[in-house]
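A short worksheet on the structure shown next.
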Amino acid sequence: MKRFLGVLFGISILFLVIFFIDKRFNSYYREIFSIIGINIILVTSLNISNGFTGLFSLGHAGFMAVGAYTSALLDLPLDKKAMLLPNLPYWLGHISLPFLLSVIMAGFMAAFFAVLVGYPVLRLKGHYLSVATLGFMVIVRVVINNTPNLTRGAIGINNIPNYTNIWWVYFWVVITVYALWRIINSSYGRAFLAIREDHIAASLSGVNLTKYKILSFAIGAFFAGVAGALWAHQITAITPRAFSFVTTFNIVVMLVIGGMGSISGSIVSAFLLTLLPELMRPLEEGMVLFGYQLPQLYGLTQLIMATLLILVMIFRPKGLMGDRELSLKGILGQKSS
Amino acid sequence: MLRLENVEVYYGVIRALKGITLKVEKGEIVSLIGANGAGKTTTLRTISGLLTPKSGKIYYNDQDITYVPPYKRVGMGIAHSPEGREIFTTLTVYENLVLGSYLRNDREGIEKDINWIFSLFPRLKERLSKPAGTLSGGEQQMLAIGRALMAKPQLLMLDEPSLGLAPILVEELFEVIEDINKQGTTILLVEQNANMALSISQRAYVLETGSVKMEGDAKELQENEDVKKAYLGA
Amino acid sequence: MFSLPYVLQQFINAIILGSIYALVAIGLSMVYGILRLINFAHGDILMIGAYTGLFLLTLYKAPFAIVLIVPMLVGGLIGVIVERVAYRPLRKAPEVALLITSLAVSMFIENLAIMVLSPRPRRFRIPSFLSKSHFYGAINFRNIDILIVILTVVLVVVLTLFVKKTKIGIAMRATAESINTSYLMGINVNNIIMLTFAIGSLLAGVAGMMFASKYGRIEPFMGFLPGLKAFVASVIGGIGSLPGAVMGGYLLGFAEIFFVGFLPPQLSGYRDGFVFLLLIIVLLIRPSGIFGQAEKREV
Ligand SMILES: Nc1ncnc2c1ncn2[C@@H]1O[C@H](COP(=O)(O)OP(=O)(O)OP(=O)(O)O)[C@@H](O)[C@H]1O
Ligand SMILES: [Mg+2]
């Protein structure tokens, strides 16, 4: 009961904050808050496989791409669809789902791919798994590039309706965080942890490794697909190049700096590291400082992210939070349990 | 020659050595005996530098070597034939021996010593250019000892050298150890075969759960009733 | 179906591509052999080598011998610096920490290049005597192609002799088998690891020059895919093994050329995807590769 009230309290605060942002901020800031939310979904969902289950996947951008394209294909208005993608199969060319439904379908499509890919790939361990999932990401990109009838290839799909707003985003943030929270505190979550801590012991104790690995991978992919869909309807134009290694890298940075195995760490770090590029943007584009025109410094943000990550790995390898969680008690200075 | 003072070593949070004090004088054979898990291997690994003590000091020829990296200790004359052989299975027998002499530069001396090793362990000679991983357990043991000897150490540490050898070879091995010792190499010996170890040693230490339980003259320890009961199977 | 000259031409293309993959794969494989690290930054050394070559050629009009040697040295130097600064502090850290760090190093180098050199692709023009073509009927190749193949063979032979015959080479192989036991031999393991990075990066640097000469175009991200493909190559050959990396490089070169040259042309766009499909298949059916021993540590 107490916990329920706590959750309710948290959600009402979030509601008020979003209401405030929605009313008081201009569209530029509202977009930043949307992106923060989308990154929270991406990072927390990557945490399930990489942090809690110990399967260090580098394919998250691939699942994002699957979600983005799926949702765009499902909910583009029919007239736009006929214009942009005249060669779609009949049934696909003649449906236009409501946004909520297309986002959910995006999640399921990504999860479906996760199962498909996970079945062979998750048998690999350690680095091999990482490279194979990265390979999956490359394959997704190659396929998108080579199926112009479905995806318009390298040109990408533009004119996607701007359905995403901070209400939608934080609706999904709450669902993601709540779902992940419930999962990791269930018997499934304990199985995931068992896999991370010790393979051999986990398989001896009767945990069906493959099943749980795929499950963990698919759950993460589902929310990555959702995030991809939200992102597509925020930016309104997607190309295969948008889902690159850099995208995966940025999510990994947020995850590692927040602390693999900490949901609240992921949230805090997604928040801070999404703001970083926004703060750096004037510098990257070459700002005028005391009357001097500074040179353009494209790449500076990524450079800082990379440096940050190296420093964290050397000096604080468990990230901000390690695998602990923020709690009110902890903040108030008591020992959290 | 070698002195450990109150050396404490941890594996993570496990305190494996709880303040060991011991010394080895030049020219001696000293044995470390004790039950499984007593800390014998840990002691040797600490002396060779693979483990660093949390506290305490290690002196070698009156020089503090507590924080000297392991490869430099080899250069100072400490050789360690580790437990479980740890030969390089993908390298040939010959290459293993060459690595034993890694820090030496006297070509002729090295060739001479390789021949000496072959005279001690003729079986190795027949398998000179075979990958060491294809040797039998006993042969691998010989190779491990030979490899340590190739360093021409002043102090040779052997961790269970008789493990896996046929009884007749064990006797031979102990003769070889005595021989090497007579030629001037100081020896620190860890053995399950405590009786035999004690019989060639001048002094010995009995370790128990990370501490020195007893120490003294090897012959006296061999006669000691407690030691007999606990370690000599009498 | 395919004419003989066409087949021969594809064969030549495969040898050239395979040579480049082989050179890049050697470094990756050797580093993996010792540290169990997939060095994602390895491909970026290739990019650095290419840019170094470009500047020597255009700014300094340096003779081509220098244009070959200096990128090697610069590559080797950067490799050593990366090892010293980013990887050495993590010697005792878990594998995944090394992996993450190498991703970060890769990003760092690429974005530094974007900042300093601009993201814009540049043309890479080799001196005319190297771009001179030889025609034999329908087959043609350039002097640079011959140079690439000969240089690869020479470098591989020299390196193989070094690793097989010299004491330091033996120490490198020993370190790959067991770091602790190598310490007991008196081997300065850190120096051996540094040397391994130096040699691997040296080869990546020269491979970068070759890559740029062959394709005539360079950009800051150019190393990413060749780096990953070289990893695939070393897995195919058996990671950690020098002959394996070389064989893997050539096999991958042939597989890729076969894919684009002999399968229906609609498929050729899937080239990069195919390489990873190959990786996954190899990992599943023979994870130790062709030359690899089953790994003692978990794969
Ligand atoms: N790598 C390790 N990690 C954690 N604990 C270890 C490790 N190696 C040894 N220990 C512990 O340290 C203690 C001492 O071990 P050590 O190997 O030194 O014993 P030992 O006297 O050589 O035994 P044995 O006769 O069986 O070889 C034991 O309790 C052992 O469990
Ligand atoms: Mg022992």
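The chains referred to below are lettered A, B, ... by the order of the sequence lines, with proteins before strands, and numbering in each begins at 1.
Enclosure of atom CZ in A/R241 is not indicated, since only 12 or fewer non-hydrogen atoms of other residues, nucleotides or ligands lie within 6.0 angstrom. Atom CZ of C/F259 has more than 12 heavy atoms from other residues, nucleotides or ligands within 6.0 Å. Within 6.0 Å of atom CZ in C/F55, more than 12 heavy atoms from other residues, nucleotides or ligands are found, so the atom counts as buried in its surroundings. Enclosure of atom CE in A/M109 is not indicated, since only 12 or fewer non-hydrogen atoms of other residues, nucleotides or ligands lie within 6.0 angstrom.
At a threshold of 4.5 Å between non-hydrogen side-chain atoms, the residues A/Y128 and C/I239 count as touching.
In this structure, chain A has a heavy atom under 4.5 Å from the side chain of C/L228, while its backbone stays farther away. Interface residue C/L277: backbone and side-chain heavy atoms are both found under 4.5 Å from chain A. For chain A, the nearby parts of C/L283 are the backbone and the side chain; heavy atoms of each come within less than 4.5 Å. Heavy-atom distances place both the backbone and the side chain of C/V105 under 4.5 Å from chain A. The contact between C/F108 and chain A is made by backbone and side chain atoms together, counting heavy-atom distances below 4.5 Å. Within the 4.5 angstrom heavy-atom criterion, atoms from both the backbone and the side chain of C/A97 approach chain A. For chain C, no part of A/V140 is nearby; none of its heavy atoms comes within less than 4.5 Å. Residue contact with chain A, scored on non-hydrogen atoms closer than 4.5 Å, involves the side chain of C/L90 exclusively. For A/L129, no part lies under 4.5 angstrom from a heavy atom of chain C. Residue A/P317: no heavy atom, backbone or side chain, is found under 4.5 Å from chain C. For a residue to count as touching a neighbouring chain, one of its non-hydrogen atoms must lie under 4.5 Å from one of that chain's; by this rule C/I38 touches chain A with backbone and side chain alike. Contacts of A/L58 with chain C are made by side-chain atoms alone, with heavy-atom separations under 4.5 Å and no backbone atom involved. Of the two parts of C/F40, only the side chain, counted from C-beta on, holds a non-hydrogen atom closer than 4.5 Å to a non-hydrogen atom of chain A.
The candidate with the highest count of non-hydrogen atom pairs below 4.5 Å against chain A, out of C/F274, C/Y270, C/F224, is C/Y270. The choice from C/V116, C/I100, C/I114 that makes the most heavy-atom pairs within less than 4.5 Å of chain A is C/I100. The candidate from C/L37, C/V232, C/L225 with the greatest count of non-hydrogen atom pairs under 4.5 Å with chain A is C/L37. Top candidate by heavy-atom pairs under 4.5 Å with chain C, chosen from A/N145, A/L311, A/L134, A/V312, is A/L134. Contact count versus chain C (heavy atoms, under 4.5 Å) is highest, among A/V121, A/T301, A/V131, for A/V131.
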Q: Apply side chain to side chain contact (heavy atoms under 4.5 Å, CB included) to C/L267 and A/N146, showing your working.
A: CA-CA 9 Å; C/L267 284 179; A/N146 286 284; over 6 Å; no
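Taking OH of C/Y87 as the start and CD1 of A/I314 as the end, the distance is 10.5 Å to the nearest 0.5 Å. Interatomic distance, CE of C/M115 versus CG of A/L303, reported as 5.5 Å (0.5 Å rounding). Here the straight-line distance linking atom CG of A/L124 with atom CD1 of C/I280 works out to 7.5 Å at 0.5 Å rounding.
Residues C/L99 and A/S130 approach most closely at CD2-OG, 3.4 Å, considering heavy atoms. Contact record, A/A306 with C/M107: CB-CB, 3.9 Å, taken as the closest heavy-atom pair. For the residue pair A/L309 and C/A104, the shortest heavy atom distance occurs at CD2-CB, 3.7 Å. Heavy-atom minimum distance, A/F245 versus C/L103: CZ-CD2, 3.3 Å.
With hydrogens and angles ignored, the 3.5 Å screen pairs no side-chain donor or acceptor of C/N111 with any backbone N or O of A/Q302. With A/H127 contributing its side chain and C/R36 its backbone, the two residues share a donor-acceptor pair below 3.5 Å.
For residues 251-260 of chain A, heavy-atom neighbours of chain C at less than 4.5 Å comprise A/V256, A/M260, sorted by residue number.
Between A/F136 and C/F276, the distance from one ring center to the other does not fall under 6.0 angstrom.
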